[in-house]
Each structure stands twice: as C-alpha cells, then as structure tokens.
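What follows is one structure encoded as structure tokens, with my remarks underneath.
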Amino acid sequence: MPPRIPYAVRALLAVAAGLLLWLAFPDHNLWWLAPIAVGLLGVVTYDVGGRRGFGLGMLAGWAFFVPVLSWSGIYVGKVPWFALATLEALYFGAMCAVVGYLTQRWRHKRPRTAYLVVPLAWVAQEFARSNTPFGGFPWARLAFSQADSPLRNVAQWLGAPGVSFAVAFIGMLLLMACVESQLNRLAILPSAVGIAVLLALPAASTPSTEGRQVTVAMVQGNVPRPGLEFNAERRMVLDNHVRGTEAIAARVEEGLGERVLEPLSLVVWPENSSDIDPLRNADAGAQVQRAVSSVGVPVIVGAVLQEPDPNISNASLLYRPGGGEPERYVKNHPVPFAEYIPYRDFFRNFSDKVDLVTRDFAKGTELGAFRIDAPSGAYWALPTICFEVAYDGLMRESVTQPGKEASVLLVQTNNATFGFTAESEQQFAISRIRAIEHGRSIAHVSTVGVSGFIAPDGSVTGKTGLFTAEQGIGSLTIRTDRTVSDWLGPWPERLAVVALIALLIGAVAGGRLDRVDRPVSARPTKDILD
C-alpha cells in the first residue's frame with residue numbers, strides 16, 4: 001500500500017495535479033502532463049474515503065478550471081468566471097469522492113478493480129458535466145489536451161471519450177506503479193510496458209487523408225476592437241469580410257498555381273461576420289451579394305437574424321451566385337449565460353452582467369447541410385457554430401446525416417469577446433480532435449483568429465494569428481467512410497458510466513454485507529466512508 005500521506009500534503013498535491021492538467025492544454029500544450037496529473041490525483045485520493053476525496057477533488061478542480069477558463073471572465077468580471085470554475089470543480093469533487101470511496105472499498109478484495117475506477121470515473125465525470133446543467137459545458141476535457149499527442153488517434157475508434165479514457169488509463173498505470181512499487185520494485189515494469197503500448201499503437205495508426213480534393217477559402221475579417229464591444233461598428237465588420245472575399249476573388253483571377261488542384265468551390269465567413277441582419281437590412285444584403293458576385297461561388301455567412309420575435313437567431317446562411325433566398329442553419333445549442341439567460345431574474349441577484357444579453361437566442365431544431373457543387377463532384381458542407389464543436393452528440397449527428405456522407409465540416413466561430421487569451425487555441429484543438437474522430441476535413445474560421453484548415457488526421461495548414469485580417473485558400477479532402485467512432489456512437493461512454501455505477505453498487509452492497517456478517521465486537525466504531 002502507498003505510504004500514509006498527511007492530508008495537508010495531499011491537499012497541496014491535489015492543487016499541483018490541477019495545475020499540471022492546466023499546463024497540458026493550449027496555450028501551454030504540454031500534453032504529456034495530462035496523464036501525470038491524473039496519476040497524481042489518483043495517488044492523493046486513493047483510499048481516502050468519500051468525504052476527503054470530495055474535498056481533494058474540489059481543490060484540484062479549482063486549481064485546474066480557474067486558470068483554464070480564465071478567458072470566460074476577461075470582459076465580464078470575476079464573478080461569472082469563478083462561478084463557472086466552481087461549478088465545473090464540483091464535478092471533480094464528485095469524481096474524487098467516488099474514487100476515494102471505491103478504492104477504499106476494493107483495495108483489499110480486488111486491487112486491480114480499484115485501479116480501474118480511475119479512468120472510468122474520469123469518463124463519467126466528463127459525461128456528467130458535458131450534459132448538465134442547461135445542456136452542459138464540455139470544455140477542457142482530457143481529450144481536448146491531446147491534439148498533438150499520439151493518443152489523439154484513439155478518437156477514430158472511441159471518440160473523444162475514448163481519448164479521455166486512454167489518458168486516464170495511463171494515469172491509472174502511473175498510480176498502480178506508485179502504489180505497488182512500495183511492495184515490489186519490479187511492479188513498475190507492467191505499468192511501463194502498458195504506457196509504451198498505449199502510446200505506440202495509436203501513433204502507428206494515423207487516419208487516412210486520401211480522397212478527392214476540393215478547394216475552399218475562408219475569410220478572417222477581424223474587428224475594430226476586442227471585447228464585448230467587438231461589433232459596435234457592425235458595418236465595419238461586415239465590410240471587412242466583403243473586402244476579404246474580394247481579395248480572394250483577385251487571387252483566384254490571378255491563378256492559384258500549384259497550391260490547390262481544383263478551382264475554388266466555396267468561401268466561408270465566421271460567426272458574427274454580419275451582425276446586421278442581411279435578410280432585413282437591404283444595405284447589408286447588398287454587401288453580401290457584392291461579395292458573392294465578386295468571387296462567383298457560394299459564400300456561407302455567419303449572421304445574427306432578428307427572428308423569431310422576441311428572440312434572435314445565430315445562423316449560418318448559404319448565399320449562391322445569382323441571388324435568391326439563402327439556405328440556413330440555426331445554431332442548435334445556444335450557450336447558456338452567453339446567448340440566453342435561464343432564470344434571468346434569479347441570476348440577476350448575483351450579477352447584473354446577465355443583462356448584457358438583452359435578447360435571448362432561439363434554439364435551432366434542424367441539422368445543417370449545404371450542398372456544394374465542385375468540378376470533382378458535389379459534396380456537403382456541414383456547419384457548426386462556435387461552442388457546438390465541443391458537444392459529441394451534435395457533431396456525430398451532423399456527420400452521420402443520411403445521404404450526406406461526402407462532406408467537410410465547418411466550424412464558424414467568433415473569439416473577439418475573449419481577447420488575447422487561450423480560448424481560441426483551446427477551441428482549435430477541439431476541432432483537430434473532431435477531424436480525427438469523424439474522419440473529416442474541417443475549415444475552422446474565426447472572426448479574429450485563430451483559423452485554419454484541418455485534415456482528417458488532425459494536421460493543420462494555413463493557420464492564422466489572432467486579431468489579424470487574413471484570407472486562406474486550401475485543399476480539403478472529401479471523405480465518405482464512417483469511422484469506428486461514428487458507428488459506435490455514444491456506447492463506449494455509456495458503458496464506462498454503467499461499469500462505474502455497477503462498481504459503486506457492488507461496493508455499497510458489499511459493505512452492508514460485511515457489517516451484517518461480522519460480530520458486533522468486530523465492527524468498527526467509525527464508518528469506513530471518511
């Protein structure tokens with residue numbers, strides 16, 4: 001068994017685990033620290049019981065979420081930032097309570113089972129906070145720290161939850177080596193072999209990038225200023241994207257050379273590129289048509305529509321050359337407390353910042369899919385708006401739409417409200433994991449950056465900087481095959497959650513049986529659950 005560690009030391013190590021996990025994410029990108037952080041947190045919560053496990057988990061959660069989500073409070077203040085970090089830390093607390101309780105119950109009877117609790121609990125914790133409350137907030141999951149890691153390729157088989165499980169499994173092996181080496185130094189060898197295999201197998205199975213090519217352009221127009229007033233001069237933002245499209249048209253006219261094999265088929269603008277409703281404002285609509293006419297191919301515009309009254313809509317609009325009513329996709333998952341305020345009167349008691357959202361965004365009800373004709377054949381452009389890229393189910397449903405197998409993914413986002421923070425890089429890393437998970441190319445385009453083209457193996461071309469006006473033209477691979485992850489859907493994650501629940505039920509039931517079977521004189525005076 002591990003040496004007895006004073007609780008104060010455990011608390012310091014829990015904070016260290018949270019900080020190490022933060023460093024695994026962009027902008028630091030030290031991905032290899034993620035399993036070390038998981039292993040360290042496993043060491044400090046091993047055999048401590050439920051209540052102490054919860055406290056240690058809260059410390060680790062605060063140490064992780066406060067810095068990794070610091071972008072959430074850069075313009076709205078510390079109260080919303082710390083409220084969000086505390087909410088997310090509660091899930092860490094619950095996870096570590098389960099780990100502390102189950103390892104205490106199982107460590108003698110089934111020690112290997114006790115170790116398995118760690119990766120199962122991580123997947124269950126991420127499942128819970130990805131779905132609750134108000135639809136969840138699946139940001140900063142273990143998987144999203146692994147965009148540069150060999151483990152990223154696990155996404156093609158088991159999705160983002162599988163990548164998280166693989167990271168936590170390595171953390172479990174580190175925990176096992178730490179615990180069992182106290183009894184036998186040779187016990188470290190199985191863990192070392194297991195870690196080597198887990199890293200080598202994904203590294204040797206890079207997803208295919210073969211397929212026909214289509215040429216897509218993206219416009220990063222930039223804004224007059226960062227912050228909540230990024231679009232105070234809405235017409236300037238729209239004009240920036242029109243000029244960017246005209247610059248692409250000029251490059252097409254001059255010839256794209258050998259950089260791409262196919263003529264241009266599509267131009268993508270980011271979220272909020274037209275916060276003036278182009279369906280109701282004739283001047284804005286004329287500007288968009290000017291851009292479409294200049295480039296001669298369809299243009300997808302991120303727009304705010306003044307409908308359905310009294311709400312508004314965050315939409316992707318597909319404009320085709322020749323005019324006509326644009327096709328649309330309305331964001332299916334508006335962000336609570338950013339795009340709509342649930343229980344506004346209640347939450348106003350804590351912060352008047354809720355009234356910065358003057359009108360709630362409506363929830364779209366249909367998936368988006370735009371048919372694009374290209375010289376090499378038609379394909380489907382599947383739009384995703386901003387934080388939607390972090391939701392497993394929404395991304396999977398988009399890619400697996402019947403009859404739309406030949407597709408590329410679009411991630412349209414606006415990072416202006418988060419300034420020069422890590423938020424944009426964190427989101428770009430999520431898109432890279434999604435490309436591998438679904439075997440699809442992605443055009444990730446932001447109002448202010450970062451933007452770029454992502455291949456089905458997660459590699460990147462044409463990446464832009466923050467708060468610059470840039471245009472990119474790239475070749476995207478059209479893939480039609482579904483990945484194993486697409487076929488399995490949510491079942492790997494569900495099975496992990498069910499397995500953890502089964503272990504928890506077994507531990508509780510086993511503890512009751514132990515108390516019944518033992519004579520009164522042999523029963524402990526203190527419950528084993530700390």
Side-chain angles (χ1 to χ4, degrees), residues 135 138 214 216-219 241 265-275 277-279 288 292 297-308 311-321 324-335 338-340 361-374 378-414 427 430-431 434-435 437-447 451 453-454 456 476 478-480 482 486 489:
V214 298
V216 174
M218 58 185 178
V219 179
H241 289 87
S265 62
L266 175 68
V267 175
V268 185
W269 291 8
E271 178 189 29
N272 293 123
S273 49
S274 180
D275 273 8
D277 186 343
L279 304 184
V288 173
V292 176
V297 298
V299 177
I300 296 178
V301 176
V304 174
L305 306 181
Q306 302 300 310
E307 59 178 74
N311 298 324
I312 55 181
S313 297
N314 192 347
S316 298
L317 303 178
L318 173 67
Y319 286 84
R320 299 185 185 275
E325 185 76 11
E327 301 168 43
R328 72 174 68 181
Y329 163 70
V330 175
K331 189 174 184 179
N332 281 196
H333 202 301
V335 179
E339 293 177 312
Y340 75 97
F361 280 81
K363 176 184 173 66
T365 58
E366 297 182 1
L367 296 172
F370 302 135
R371 179 187 168 92
I372 307 297
D373 294 315
Y379 65 95
W380 294 90
L382 309 178
T384 300
I385 300 177
C386 199
F387 283 7
E388 287 186 322
V389 71
Y391 292 89
D392 293 349
L394 186 61
M395 297 297 292
R396 187 186 307 112
E397 290 170 8
S398 181
V399 171
T400 57
Q401 294 179 73
K404 300 175 176 62
E405 289 78 11
S407 60
V408 297
L409 285 165
L410 311 178
V411 177
Q412 298 169 273
T413 186
N414 168 39
Q427 188 177 44
I430 297 174
S431 288
R434 296 304 186 198
E437 181 176 9
H438 301 295
R440 293 295 185 272
S441 298
I442 294 180
H444 181 112
V445 54
S446 167
T447 318
S451 306
F453 298 107
I454 305 171
L476 297 184
I478 299 296
R479 302 279 299 167
T480 58
R482 290 189 182 180
D486 289 331

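If you're wondering where the values come from, they're calculated on a predicted model, not measured in any experiment. Reckoned from all heavy atoms, side chains included, excluding hydrogens, waters and symmetry mates.
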Exercise. Which atom pair, heavy atoms only, marks the closest approach of Val389 to Thr384?
Worked result: N-CG2, 3.5 Å
Exercise. Can you find a pair of side-chain heavy atoms, one from Val299 and one from Val288, that are under 4.5 Å apart?
Worked result: no
Problem set entry | Considering all heavy atoms, the nearest Pro383-Gln412 contact | CB-OE1, 3.9 Å
For this session: Report the C-alpha distance between Asn332 and Glu388 in whole Å, list the side-chain angles of each, state the deciding distance to 0.1 Å, and finish with yes or no for side-chain hydrogen bond (donor to acceptor under 3.5 Å, both in side chains).
Result: CA-CA 8 Å; Asn332 281 196; Glu388 287 186 322; 4.9 Å; no
For this session: List the steps and the verdict of side chain to side chain contact (heavy atoms under 4.5 Å, CB included) for Lys331 and Val335.
Result: CA-CA 10 Å; Lys331 189 174 184 179; Val335 179; 3.9 Å; yes
Seminar exercise, completed: On a heavy-atom basis, the closest approach of Ser313 and Phe361 is C-CD2, 3.7 Å
For this session: Identify the two heavy atoms, one from Ser265 and one from Asp373, that lie closest to each other, and give their separation to 0.1 Å.
Result: CB-O, 4.1 Å
For this session: Go through the steps for Arg440 and Ser407 under the test side-chain hydrogen bond (donor to acceptor under 3.5 Å, both in side chains), then give the verdict.
Result: CA-CA 7 Å; Arg440 293 295 185 272; Ser407 60; 2.9 Å; yes
For this session: Identify the heavy atoms of Val445 and Trp269 that sit nearest to each other, and give their distance.
Result: CG1-O, 3.9 Å
Problem set entry | Donor-acceptor under 3.5 Å (Arg328 side chain, Ala315 main chain) | no
For this session: Answer whether the closest heavy-atom distance between the side chains of Ser316 and Ile385 falls below 4.5 Å.
Result: yes
For this session: Dump the intermediate steps for side chain to side chain contact (heavy atoms under 4.5 Å, CB included) on Ser398 and Lys404, then the final yes or no.
Result: CA-CA 9 Å; Ser398 181; Lys404 300 175 176 62; over 6 Å; no
Exercise. Among Tyr391, Tyr340, Phe387, whose ring-ring contact (aromatic ring centres under 6.0 Å, His included) with His333 holds?
Worked result: Tyr391
For this session: Check the pair Arg434, Asp392 against side chain to side chain contact (heavy atoms under 4.5 Å, CB included), reporting the backbone distance first and the verdict last.
Result: CA-CA 9 Å; Arg434 296 304 186 198; Asp392 293 349; 2.7 Å; yes
Problem set entry | Intermediate values then yes/no, side-chain hydrogen bond (donor to acceptor under 3.5 Å, both in side chains), His241 and Ser273 | CA-CA 7 Å; His241 289 87; Ser273 49; 5.1 Å; no
For this session: Considering non-hydrogen atoms only, spot the tightest contact between Arg371 and Leu318 and give its length.
Result: O-CD2, 4.5 Å
Problem set entry | Close side-chain approach of Leu266 to Val297, heavy-atom, < 4.5 Å | no
Exercise. Between Arg320 and Val292, does a side chain to side chain contact (heavy atoms under 4.5 Å, CB included) hold up when you go through it step by step?
Worked result: CA-CA 7 Å; Arg320 299 185 185 275; Val292 176; over 6 Å; no
For this session: Find the distance between CG (Asp277) and CG (Leu305) and round it off to the nearest 0.5 Å.
Result: 5.0 Å
